[in-house]
Novice: 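My questions all concern the structure below.
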Amino acid sequence: MKVRDIVTTLDGVLLTGEGLLDVDIQAACGADLMSDVMAFVKENVVLLTGLVNPQSIRTADLMDIRVVVYVRGKTPPKDMVAEAERNGMAVIATRYSMFLACGRLYEAGLRGGGTREPR
Amino acid sequence: MKLRYDVPGDDLSLAGKASAEVKRALGRLGVDPGAIKRAAVSMYEAEINMVIHGGGGVATAELSPERVVVVMEDSGPGIPDLDLAMQEGYSTAPEWIREMGFGAGMGLPNMKRNADELRIESEVGRGTKVTIVVAFGAAGGAEA
Ligand SMILES: Nc1ncnc2c1ncn2[C@@H]1O[C@H](COP(=O)(O)OP(=O)(O)O)[C@@H](O)[C@H]1O
Ligand SMILES: [Mg+2]
């Protein structure tokens, strides 16, 4: 699924990352705990989160996650978007809740294959 | 090449900057991306710990063609029971830390999983020194 399709599926707003609109994303991970992201994400995924703080961008960057979606109508402040932009990431805001956003992406064909199974 | 960072203990919004810079330095050296990610994740968890539990401290990273050695040293409260602290899910982090997305008790286990070598020296009332070694050649890490 292309980043542009993620934006459409979530009725989202792309805050930065026009250059990534045609990048193909294979899997998704929804998490508010950044340590979970670091423990479980393996392949390049889109991260859905309700955690609007610089750590969400920084964690994503460290994990080579290039697309971050903020759910529940939360809009990250300008300096966070700027940090994402410097990192070459795409940031999307959607008014859908975590549940609905994940559900819509799943329905559209995204899966969770980029994450490690818990032991 | 040796990098050194002062990590302030009172500003969580800065936590992770040192790790991000080390990650970029490793990228410039052309290190294998898998090893870079393992180094970045373990250093980042240690950096966060140093800020939220250790009150800040000093981070150094020594980069060579074969490996990176990260040392994170704080003079915080120390870890009374290291075996307990190493367990997945164990955390003494307060609620507001959880609201920031941390404090799930996954940090030390994440570090162990990603580092080729993890050494923790800690003394109650004196501080904690965490040494992380990630080797570039080998497939490496407990994960592999
Ligand atoms: N640098 C440190 N100084 C003091 N205590 C620490 C330090 N690092 C870890 N700890 C202790 O070990 C526990 C587990 O750490 P960790 O696995 O990273 O989980 P978390 O940080 O989510 O609490 C912490 O809750 C804390 O009690
Ligand atoms: Mg931790």
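The figures that follow rest on heavy atoms only: side chains count, while hydrogens, waters and symmetry mates do not. In the text below, chain A, chain B and the rest are named by the order of the sequence lines, each starting its count at 1.
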Novice: Check for a donor-acceptor pair, side chain of Arg58(A) on one end and backbone N or O of Ser13(B) on the other, with a separation under 3.5 Å.
Specialist: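 Answer holds: yes.
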Novice: Using a strict threshold of under 4.0 Å (side-chain N to carboxylate O), is an ion pair present between Asp116(B) and Arg67(B)?
Specialist: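 No, Arg67(B) and Asp116(B) are not salt-bridged.
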Novice: Can you list every side chain to side chain donor-acceptor pair (under 3.5 Å) pair that touches residues 121-132 of chain B, not counting sequence neighbours?
Specialist: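 Passing the test, one end in residues 121-132 of chain B: Ser122(B)-Thr128(B).
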Novice: Is chain B contacted by the side chain of Thr59(A), its backbone, both, or neither, given a heavy-atom distance below 4.5 Å?
Specialist: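 Both parts, backbone and side chain.
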Novice: What's the shortest heavy-atom distance between Ala85(B) and Leu108(B), and which atoms?
Specialist: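 Closest pair (atom of Ala85(B), atom of Leu108(B), distance): O-CD1, 3.5 Å.
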Novice: Starting at OG of Ser35(A), measure out to CD of Gln55(A) and round the result to the nearest 0.5 Å.
Specialist: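 Between Ser35(A) OG and Gln55(A) CD, I get 10.5 Å after rounding to 0.5 Å.
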Novice: How about residues 60-70 of chain A versus chain B: which residues have heavy atoms under 4.5 Å apart?
Specialist: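 Near chain B, by residue number: Asp61(A), Leu62(A), Met63(A), Asp64(A).
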Novice: Please give me the minimum heavy-atom distance between Asp32(A) and Gly50(A), naming the atom from each residue.
Specialist: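 For Asp32(A) and Gly50(A), the tightest heavy-atom pair comes out as OD1-N, 2.8 Å.
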Novice: Output a table of donor-acceptor pairs, distance under 3.5 Å, between side-chain atoms of residues 93-107 of chain B and any protein atom two or more places apart or on a different chain; print 'none' if there are none.
Specialist:
| residue | atom | partner | partner atom | Å |
| --- | --- | --- | --- | --- |
| Arg98(B) | NH1 | Gly103(B) | O | 2.8 |
| Arg98(B) | NH2 | Ala93(B) | O | 2.7 |

Novice: In Å, rounded to the nearest 0.5 Å, how long is the span from CG of Asn53(A) to CG of Leu12(B)?
Specialist: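 Interatomic distance, Asn53(A) CG to Leu12(B) CG, rounded to 0.5 Å: 7.0 Å.
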Novice: If I measure from the heavy atoms of chain A, does Ile48(B) come under 4.5 Å with its side chain, its backbone, both, or neither?
Specialist: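 Only the side chain of Ile48(B) comes within 4.5 Å of chain A.
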Novice: So which of Ala20(B), Ala15(B), Ala40(B) has the biggest tally of heavy-atom pairs under 4.5 Å with chain A?
Specialist: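 The candidate making the most pairs under 4.5 Å is Ala15(B).
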Novice: Do any of residues 73-93 of chain A have a heavy atom less than 4.5 Å from a heavy atom of chain B, and if so, which, in residue order?
Specialist: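 So the qualifying residues are Asn87(A).
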Novice: Return the minimal non-hydrogen interatomic distance between Ala115(B) and Val134(B), and the atom names on each side.
Specialist: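 It is CA-CG2, 4.1 Å.
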Novice: Any carboxylate oxygen within less than 4.0 angstrom of a Lys/Arg side-chain nitrogen, looking at Glu21(B) and Lys23(B)?
Specialist: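 No, this pair does not count.
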Novice: Which answer fits Leu51(A), side chain, backbone, both or neither, if we ask what part of it has an atom under 4.5 Å from a heavy atom of chain B?
Specialist: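 It is the side chain, since no backbone atom gets that close.
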Novice: With distance as the sole criterion, is a donor-acceptor pair present between the side chains of Tyr96(A) and Arg72(A) under 3.5 Å?
Specialist: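 On atom types as modelled, these side chains do not qualify, holding no pair under 3.5 Å.
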